[in-house]
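Note on naming: letters A, B, ... go to the chains in the order of the sequence lines (proteins, then strands), and numbering restarts at 1 for each one. These numbers come from the heavy atoms of this one structure, side chains and all, not from hydrogens, waters or symmetry mates.
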2 protein chains.
Amino acid sequence: MKKNNAKAAAGVKEIARLAQVSIATVDRVIHNREGVSEKTKAKIQAIIDKLGYQPNVLAQRLALAARGAINLAVLLPAISSETEFWQAPKDGVNKAAGEIRQYGVTITYFYFDQNDENTFEKQVKKIVRASPQGILLTPTFPEPALRLIEHCNNTGTPYVLINTDIPGYDAMSYIGPEIFRSGYLAAQLIHYGIRNNKKVVIAKIAREIDNNYAILRKEEGFRAYFKDHGLSNGLLTLDSLQTEYAVVSRKLAKLIKQEPDIGAVFVTNSRVSLVARFLEAAGRKDIILLGYDFTTDNVQYLKTGNIDFLICEKPQEQGYRGIMTLFQHLVYSNTIEKSYLMPIDIITRENYIFYRN
Amino acid sequence: MKKNNAKAAAGVKEIARLAQVSIATVDRVIHNREGVSEKTKAKIQAIIDKLGYQPNVLAQRLALAARGAINLAVLLPAISSETEFWQAPKDGVNKAAGEIRQYGVTITYFYFDQNDENTFEKQVKKIVRASPQGILLTPTFPEPALRLIEHCNNTGTPYVLINTDIPGYDAMSYIGPEIFRSGYLAAQLIHYGIRNNKKVVIAKIAREIDNNYAILRKEEGFRAYFKDHGLSNGLLTLDSLQTEYAVVSRKLAKLIKQEPDIGAVFVTNSRVSLVARFLEAAGRKDIILLGYDFTTDNVQYLKTGNIDFLICEKPQEQGYRGIMTLFQHLVYSNTIEKSYLMPIDIITRENYIFYRN
DNA sequence: CTGAAAGCGCTTACAG
DNA sequence: CTGAAAGCGCTTACAG
């Protein structure tokens, strides 16, 4: 039996009493402000150290509430049925917003169309005009994203990237998965389950592939695993720049006809449900299917057994943590972590019920 | 672009002004306290509703800090090298303690020896004597645990169970895994990877098995999966009431000699590292090995490839969430959720680096 | 270089 | 049934 925090913590009043000064002076020392004689400062500091003084965050925030509110900007893709994924980060942002509302934090959303770089650029301009005190964004389009970051650097505005990093750029802060590793893990899971040296298809289904860093990087990780295990020759690819089911299914049908020996399909993004739909229609539950993200469609096919694994990197928590990071930096001057790599979660038919984004 | 919380929220002062009463009366209505005329009450309530008033939690807590502190009791196994697992829940408790320290919360730990029911009973008595305002416990020994719960019910003290439930008892609140399902998931993972109808060993290694609900229930879940998939005849068992490596390895050696066709071992608890050590020594990386918990030893064997999967149910978060639940109930009168089932995480060699308890 | 006073939004005796 | 006042621990003008 051991007590935690036995005595009630001493506050500024007590420190002032012990140092025989006013609490205003104590406050100056605590915050390292100008205008205190070295002597007084030393005396007060000694007492602070001795007492192990910790400010009462509640009182601090309450007092500060008088000052202006903090406004944050959030730049994310607009949410449509096709981009359901982005609901999760937004939920996380809202959750954080709810918790820090009391602290006078205001959040403004700026939405762009994932398929249209212009909309992204427009929103960047709007954000610059709004001059928020902190920015949360996902750099879907690296060039305009970098311009925004440049602007942040010039104005000293903190920012946090979520979900994907900007390749080759050393950002102030990144919260999201290590996507190379997530591709590597995908390969491990398929390799563990596949039989008789069957072939494995890497399927990339997206409007844009060549400049899609996330998709390419996952593929690299996936291939790296197979190479590291001397299995590279069993890999096939299927690319589709069209995301309609009709197109994807036609391509799949063709490939499966050409290569009857396919044992698994790895889909590099959340479009895995398209492949699942095809495999269901084709009655091919024997083919292992692995893809990304905990979306309604995907979970549906996890239940039917057409998808074997979903990999998911807590998108909601990314949004939540991103806002909290900015908040704590602005309010308590906490340093912003360079990167916070999310866990890479494995979801199957038997554990999805308990999953929390 | 949409604003969240445009106008600054109105407080008691504003409500009092609008209702032409004092803030004390407003406070009475907010907290549903006696002694306000129906008429005044209605008038104030109308304004509260119209404004969508939300109390400022910071100010609330700060004002309440004047009142006595809240003390919570935590009843967990003592931590030794053999019970490293319990470090995680304790870390979670400490994390929560840090966050709510400002709110005047004091936490007292009561440790018992997992192998000695008497020590548990003794600590229960101590807790009853200390009469804390809330209790977090893991009911390793159901009978004395039930006596403590009975006492809680009589005194109206809230409590939370973590890690394991009490079989057949409808507890006030449980935070932990659905262990049947976790056994079921283990079976799925083994089934997915195992080749050629090889045999699967269910290994129970613990000082106490017959009364160990968690172990038995995981086994049930595991067997249920095999039964549901018409594969029950491939299951073998290995029980060991001794947890020394020498004993376990001898038993394993014997079993493997008798049954050369073993393809996987499922260990129902964190003792999986003992089996891993044996398989490593025997040079049997071909045997799939799956067990529980993110302990140092286990992770070590995950790295070497002797353990294929670890199942883990965020023990740290269980401790954290347990304390927070009690706190929020005591302070904000939040209702306590009957059960919060943890996600069942799957850890492999390729994602363990990012795992967070 | 230092201090007295007001205020953040809420709660709680106390007085009537 | 209702209100005026003090206080939670901190911060911030303002005055000297």
Side-chain angles (χ1 to χ4, degrees), chain A residues 7-45 48 51-70 100-105 330-333, chain B residues 7-45 48 51-70 100-105 330-333:
Chain A
K7 61 191 164 211
V12 281
K13 210 194 279 178
E14 173 70 359
I15 296 171
R17 194 183 62 77
L18 291 171
Q20 291 168 292
V21 297
S22 74
I23 55 173
T25 301
V26 172
D27 193 68
R28 285 180 188 104
V29 173
I30 288 171
H31 296 289
N32 241 317
R33 291 201 200 90
E34 301 282 277
V36 183
S37 74
E38 279 307 320
K39 204 177 138 201
T40 330
K41 189 172 169 178
K43 181 164 57 164
I44 294 173
Q45 191 58 56
I48 288 174
L51 263 45
Y53 169 74
Q54 294 278 60
N56 181 316
V57 185
L58 268 60
Q60 231 167 9
R61 280 316 299 159
L62 190 60
L64 252 42
R67 286 203 295 177
I70 293 169
I100 58 185
R101 198 178 46 83
Q102 317 263 12
Y103 296 68
V105 176
L330 290 166
V331 168
Y332 307 118
S333 310
Chain B
K7 60 190 164 213
V12 280
K13 211 194 279 177
E14 173 71 358
I15 295 171
R17 193 183 63 77
L18 291 170
Q20 291 167 293
V21 296
S22 74
I23 54 172
T25 301
V26 172
D27 193 68
R28 286 181 188 102
V29 173
I30 288 171
H31 296 288
N32 242 317
R33 292 202 199 90
E34 302 282 277
V36 184
S37 74
E38 279 307 320
K39 204 178 140 201
T40 329
K41 190 173 169 178
K43 180 162 61 161
I44 295 174
Q45 191 58 55
I48 289 176
L51 263 45
Y53 169 74
Q54 294 277 60
N56 181 316
V57 185
L58 268 60
Q60 230 167 9
R61 279 316 298 159
L62 190 60
L64 252 42
R67 286 203 294 175
I70 292 168
I100 57 183
R101 197 177 45 81
Q102 318 262 12
Y103 297 67
V105 176
L330 290 167
V331 168
Y332 306 119
S333 310

Practice task
Using Watson-Crick or G-U wobble geometry with both distances below 3.5 Å, tell me the partner of C/dG3, or none.
Solution key: D/dC14
Exercise for the section: May I have the distance from B/Asn56 (atom CG) to D/dC8 (atom P), rounded to whole angstrom? Expected result: 18 Å
Exercise for the section: Ignoring backbone atoms, test whether B/Gln60 places a side-chain nitrogen or oxygen under 4.0 Å from the OP1 or OP2 oxygen of C/dG9. Expected result: no
Handout entry: For the student: nearest non-hydrogen atoms of A/Arg28 and A/Glu34, plus distance
Key = CD-O, 4.1 Å
Practice task
Provide, to the nearest angstrom, the distance between the NZ atom belonging to B/Lys13 and the P atom belonging to C/dG7.
Solution key: 8 Å
Problem - Exercise: identify the closest heavy-atom pair between A/Ile23 and A/Lys13 - result: CG2-CA, 3.8 Å
Problem - Gap between atoms CD and P, on B/Glu14 and C/dG9 respectively (whole Å) - result: 11 Å
Exercise for the section: Establish, with yes or no, whether the OP1 or OP2 oxygen of C/dC10 is under 4.0 angstrom from a side-chain nitrogen or oxygen of B/Tyr53. Expected result: yes
Practice task
Would you mind reading off the distance between A/Leu58 atom CG and D/dT11 atom P, rounded to a whole angstrom?
Solution key: 13 Å
Practice task
For B/Lys39 and D/dC1, give me the distance from atom NZ to atom C1', rounded to whole Å.
Solution key: 13 Å
Practice task
Report the distance from atom CD of B/Glu38 to atom P of D/dC1, rounded to the nearest whole Å.
Solution key: 8 Å
Listed pairs, N/O of protein and of nucleotides 2-4 of chain C, under 3.5 Å:
unit_1 : atom_1 : unit_2  : atom_2 : d
C/dT2  : OP1    : A/Ser37 : OG     : 3.4
C/dT2  : OP1    : A/Thr40 : OG1    : 2.6
C/dT2  : OP2    : A/Ser37 : N      : 3.0
C/dT2  : OP2    : A/Thr40 : OG1    : 3.2
C/dG3  : OP2    : A/Ser22 : N      : 2.9
C/dG3  : OP2    : A/Ser22 : OG     : 3.3
C/dG3  : OP2    : A/Thr25 : OG1    : 2.9
C/dG3  : N7     : A/Arg28 : NH1    : 3.4
C/dG3  : O6     : A/Arg28 : NH2    : 2.5

Problem - Among C/dT11, D/dT11, C/dC8, the one nearest B/Ala63 by side-chain distance - result: C/dT11
Practice task
Indicate yes or no for a side-chain donor-acceptor contact from A/Lys43 to the backbone of A/Ala19 under 3.5 Å, with no hydrogens or angles considered.
Solution key: yes
Handout entry: Value in whole Å for how far the P atom of C/dC1 lies from CG of A/Asp27
Key = 17 Å
Exercise for the section: Provide the closest heavy-atom pair for A/Asn56 versus A/Leu58 in the form atom of the first, atom of the second, distance. Expected result: OD1-N, 2.8 Å
Handout entry: Selected nucleotide, minimal atom distance to B/Leu62 side chain, candidates D/dG9, C/dC10, D/dT11
Key = D/dG9
Fill in the blank from the handout: Correct closest heavy-atom pair for B/Lys41 and B/Asn32 would be NZ-OD1, 3.6 Å
Exercise for the section: Could you check if a side-chain atom of B/Leu18 sits within less than 4.5 angstrom of a side-chain atom of B/Leu51, using non-hydrogen atoms only? Expected result: yes
Completion exercise
In terms of heavy-atom contacts, B/Ser22 and B/Ala16 come closest through C-CB, 3.9 Å
Exercise for the section: Output yes when at least one side-chain N/O atom of A/Arg33 is less than 4.0 Å from OP1 or OP2 of D/dT11, else no. Expected result: no
